[in-house]
Amino acid sequence: MSRNVVSAKLDIIFKKFFSENHDMLKDFISGILEIPIEKIEEIVIKGQELPPENIDGKFSRLDLCLKVDDKLVNVEVQINNAPNYRDRAMFYWAKLFTSELESGDNYAELKQTITVNILNFDMFPDRKDYHTEITAVFRDTGEIFYDKFRIHFFELKKLGNSSARNRRELWLKVINAESEEDFDMIQQTNDPVMEKAVRIIYDMSKDTLIREAARMREKALHDEAFFMEGARAEGRAEGRVEGIAEGRAKERAEMLEKMKTLGLSDEQINAILRK
């Protein structure tokens, strides 16, 4: 029997879970980025919003913005397949990368910036691996060009039902879990950190206010997905209409050109086109 549990895939649950449990956050960052936990000396949660450079600029709302020792890290959970997500991922990375550089600072002071995108949809349908890491390399040799650029994509739908092979997969399964059965499988690992993570999720699920906030957020995301699909369908329909119109215009132009080559007068051509 499924339990009415909240899901860490929801951004509000994700942020609350990790921002209020720093031991969980440290273990998560260690696992997801494969950094030995003993090498992480400090994690600082930064402001959740990066201001625009001017009044007309876009705000970048980040799910979890961190300073991990000398690195800047942004973790975002995205449920719906948002349009132009690649552009958005690059925009968020760029904003975070330049966020701490003050006027007059040396460019060498720019920090390694890592963005982590945990996605509830297939970002790269042709790739089987659930994890994709983007770096800046020389095309011909594959040698790293710039080590301060890192973007990770984790596609939850590609995780599968098999047991987790490492700590990264364990944490992704915690985030992906939606039922008591899912969490029971995680607890069967007998890992103290994972057992604690499940207990925290269950405690959050018992809180009426948190559960209601999660329900409202989930509804908003369903509505967003519905409207996005409607917009895509409308765009496809408009594209078909435009395509038909363009085809007819091209056909008319070709017919006109052929009639001219036959030596027909303008009056004769107009009479044919009217028909």
Side-chain angles (χ1 to χ4, degrees), residues 9-11 14-15 18 28-29 32-35 43-103 105-158 168 171-172 175 221 224-225 227-229 231-232 235:
K9 279 191 286 194
L10 288 172
D11 48 9
F14 181 87
K15 282 188 281 190
F18 284 114
F28 169 74
I29 292 297
I32 208 75
L33 295 179
E34 296 184 331
I35 302 172
I43 297 180
V44 178
I45 299 177
K46 293 166 57 66
Q48 298 300 305
E49 188 173 79
L50 295 176
E53 294 176 359
N54 55 64
I55 196 168
D56 297 321
K58 289 190 178 217
F59 274 85
S60 302
R61 288 177 176 81
L62 308 179
D63 279 303
L64 203 57
C65 187
L66 315 167
K67 183 181 283 187
V68 182
D69 296 337
D70 60 340
K71 303 176 181 63
L72 296 178
V73 179
N74 165 43
V75 185
E76 179 182 5
V77 180
Q78 178 70 23
I79 288 184
N80 293 333
N81 189 353
N84 306 315
Y85 194 82
R86 294 190 192 199
D87 294 327
R88 170 175 164 171
M90 283 297 303
F91 179 76
Y92 277 22
W93 179 88
K95 291 288 286 185
L96 186 60
F97 181 57
T98 58
S99 63
E100 292 200 341
L101 194 69
E102 301 290 340
S103 178
D105 285 351
N106 192 304
Y107 290 125
E109 295 178 36
L110 287 164
K111 293 179 172 59
Q112 185 181 52
T113 300
I114 305 168
T115 57
V116 176
N117 301 272
I118 300 174
L119 310 175
N120 197 44
F121 57 89
D122 290 342
M123 179 78 177
F124 309 105
D126 296 331
R127 290 178 58 86
K128 293 182 179 179
D129 198 342
Y130 69 86
H131 174 225
T132 300
E133 181 179 3
I134 310 297
T135 60
V137 299
F138 291 97
R139 179 181 291 181
D140 54 347
T141 65
E143 180 187 355
I144 294 292
F145 164 70
Y146 194 61
D147 192 46
K148 294 180 180 180
F149 174 75
R150 288 282 191 278
I151 298 181
H152 294 266
F153 296 95
F154 295 96
E155 299 167 273
L156 294 176
K157 292 187 179 298
K158 294 180 181 178
R168 169 184 281 171
W171 273 116
L172 290 174
I175 294 168
L221 288 168
E224 179 186 274
F227 287 122
M228 280 198 302
E229 180 55 35
R232 280 195 285 265

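Throughout, numbering of the chain's residues begins at 1 and tracks the sequence.
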Engineer: Output all residues satisfying salt bridge (Lys or Arg N to Asp or Glu O under 4.0 Å) with E34, sequence neighbours left out; order by chain, then residue number.
Structural biologist: R168
Engineer: NZ/K148 to OH/Y107 distance, rounded to the nearest 0.5 angstrom?
Structural biologist: 12.5 Å
Engineer: Atom CD1 of I151 and atom CG of N117: how far apart are they, to the nearest 0.5 Å?
Structural biologist: 7.0 Å
Engineer: To the nearest 0.5 Å, what is the distance between NE2 on H152 and CD1 on I118?
Structural biologist: 11.0 Å
Engineer: Taking atom CZ as the centre, does F145 end up with more than 12 heavy-atom neighbours from other residues, nucleotides or ligands that are less than 6.0 angstrom away?
Structural biologist: no
Engineer: Roughly how far, to the nearest 0.5 Å, is the CG atom of N84 from the CZ atom of F91?
Structural biologist: 13.0 Å
Engineer: Using ring centroids (six-membered ring only for Trp), state whether W171 and F18 fall under 6.0 Å.
Structural biologist: yes
Engineer: Just wondering, do H131 and K158 contact through their side chains at under 4.5 Å, heavy atoms?
Structural biologist: no
Engineer: With sequence neighbours left out, write down each residue that passes side-chain hydrogen bond (donor to acceptor under 3.5 Å, both in side chains) with T135, or none if nothing qualifies.
Structural biologist: none
Engineer: Under the rule for salt bridge (Lys or Arg N to Asp or Glu O under 4.0 Å), what residues qualify as partners of K71, not counting sequence neighbours?
Structural biologist: none
Engineer: What is the minimum heavy-atom distance between N120 and K157, and which atoms define it?
Structural biologist: O-CE, 2.9 Å
Engineer: Could you go step by step and tell me if Y85 and F153 meet the side chain to side chain contact (heavy atoms under 4.5 Å, CB included) rule?
Structural biologist: CA-CA 11 Å; Y85 194 82; F153 296 95; 4.0 Å; yes
Engineer: Considering all heavy atoms of both residues, which atom of N80 and which atom of Q78 are nearest to each other, and what is their separation?
Structural biologist: O-NE2, 2.8 Å
Engineer: Where do T113 and W93 come nearest, in terms of heavy atoms and distance?
Structural biologist: O-NE1, 2.9 Å
Engineer: Residues two or more places apart in sequence or in another chain: which of them pass salt bridge (Lys or Arg N to Asp or Glu O under 4.0 Å) with D147?
Structural biologist: R150
Engineer: Under a 4.5 Å cut-off applied to non-hydrogen side-chain atoms, are F149 and I134 in contact?
Structural biologist: yes
Engineer: Just verifying a value: how many Å separate I114 CD1 and E133 CD, rounded to the nearest 0.5 Å?
Structural biologist: 8.5 Å
Engineer: For the residue pair V75 and I29, establish whether any side-chain heavy-atom pair is separated by less than 4.5 Å.
Structural biologist: yes
Engineer: Mind listing the closest non-hydrogen atom pair of L101 and E109 along with its distance?
Structural biologist: CD1-CB, 4.4 Å
Engineer: How far does CG of L172 sit from CD1 of I32, to the nearest 0.5 angstrom?
Structural biologist: 4.0 Å
Engineer: So, do F97 and L72 sit near enough that their side-chain heavy atoms are less than 4.5 Å apart?
Structural biologist: no
Engineer: Run the ring-ring contact (aromatic ring centres under 6.0 Å, His included) test against Y130 and tell me which residues pass, sequence neighbours left out.
Structural biologist: none
Engineer: Checking side chain to side chain contact (heavy atoms under 4.5 Å, CB included) for the pair M123/T132: CA distance, chi angles, key distance, verdict?
Structural biologist: CA-CA 10 Å; M123 179 78 177; T132 300; over 6 Å; no
Engineer: Under a 4.5 Å cut-off applied to non-hydrogen side-chain atoms, are R139 and V137 in contact?
Structural biologist: no
Engineer: Would you say that F154 contacts I175 through its side chain, given a criterion of any heavy-atom pair below 4.5 Å between the two side chains?
Structural biologist: no
Engineer: Check salt bridge (Lys or Arg N to Asp or Glu O under 4.0 Å) between K67 and all other residues, then give those that pass, not counting sequence neighbours.
Structural biologist: E100
